[in-house]
Amino acid sequence: VQRYWLSDSELESTTTTSSAVATERPWNVVVWDDPVTPMDYVVVVFRKIFGYPKEKATHLMMTVHTQGRAIVWSGAKERAEGYCVQLHAFALRASIEQVD
Amino acid sequence: VARAFQRRRDGRIEVNLSEQGRHYLRQEFERIHATLSDTSSTALPILRQPIDPSRDDDDPLRTLERDHAVSSSVELALVTVDEEFLNDAEAWAWAASIGLVLQGLAAHHNLHTDDDVNAADPNVTADLHAVQALLWDLSRALV
């Protein structure tokens, strides 16, 4: 007879694995200032890639402009890398770093 | 005031560029495309920037993904450079490619800071401002 559900011990093991993944330190996607890219362009790119509302995208762009860098997203490494690749493809300076 | 890019009611983006403007962009897009296929080229350092600076080398699959995304944009921008109207995908490809043109200008003239830009030759800043104006205009049309 096929068993389509998890036993208690299997369920516990799955839960333990999920907790381990959840407690791994997240990764930041950092965007760096550069002297030539127009501010409006940075805002529309943040909105396109991350789906942020205009206010949040503008705030992040201003942080990049005034502080030299801004953390624009945090989370799992794989997604952080994917976002960084997209930012590079839109000619923005970006990198990832693991949260301390 | 006429704009280089304008969103039409039907959703397309109208391109109001002179023949000289299109010629300039075509030439610059071709230059980026050539840089992409030459991995030893240092003309556009932004295309070689590290994804994870804490590692000696980035994951080659990620850098391949980035190269593919950039080359798709530049190729799409090149084949549509004479179009009168762009759809959204084409307009985003233009935006990404014009962004790279700007980065190429900055790298070529060693413009790394605001002070570098302010101290640059007026002919260089005129070129820079012209490309920035295009990207600014296209960004407004893409919103």
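Labels below follow one simple rule: chain letters A, B, ... track the order of the sequence lines, proteins then strands, and each chain is numbered from 1.
- With a threshold of 4.5 angstrom between heavy atoms, B/R48 does not approach chain A through any atom at all.
- Your options are B/A133, B/A106, B/P50, B/S71, and the one with the most heavy-atom pairs under 4.5 Å with chain A is B/P50.
- Ranking B/I51, B/L128, B/I46, B/D114 against chain A, the residue ahead of the rest is B/I51, based on heavy-atom pairs under 4.5 Å.
- Among the candidates B/S73, B/A95, B/G99, B/A69, the residue making the largest number of heavy-atom pairs closer than 4.5 Å to chain A is B/A95.
- Paired with A/Y83 under the rule side chain to side chain donor-acceptor pair (under 3.5 Å), one option of A/Q86, A/R79, A/E81 passes, and it is A/R79.
- Ion pairing between B/R12 and B/D10 holds under the 4.0 Å rule for side-chain N and carboxylate O.
- When heavy atoms are compared at a cutoff of 4.5 Å, A/K77 approaches chain B solely by way of its side chain, counted from C-beta outward.
- Salt bridge status for A/R69 with A/E97: present, with a side-chain N to carboxylate O gap under 4.0 Å.
- With a 4.5 Å cut-off on non-hydrogen atoms, A/D34 touches chain B through its side chain but not through its backbone.
- Neither the backbone nor the side chain of A/L87 has a heavy atom closer than 4.5 Å to any heavy atom of chain B.
- A salt bridge links B/R31 with B/E28; the closest basic N to acidic carboxylate O contact falls under 4.0 Å.
- Using a 4.0 Å cut-off between charged side-chain N and carboxylate O, B/R62 and B/D67 make no salt bridge.
- For the residue pair A/R93 / B/Q103, a side-chain donor-acceptor distance below 3.5 Å is found, with atom types taken as modelled.
- For a residue to count as touching a neighbouring chain, one of its non-hydrogen atoms must lie under 4.5 Å from one of that chain's; by this rule B/H112 touches chain A with the backbone only.
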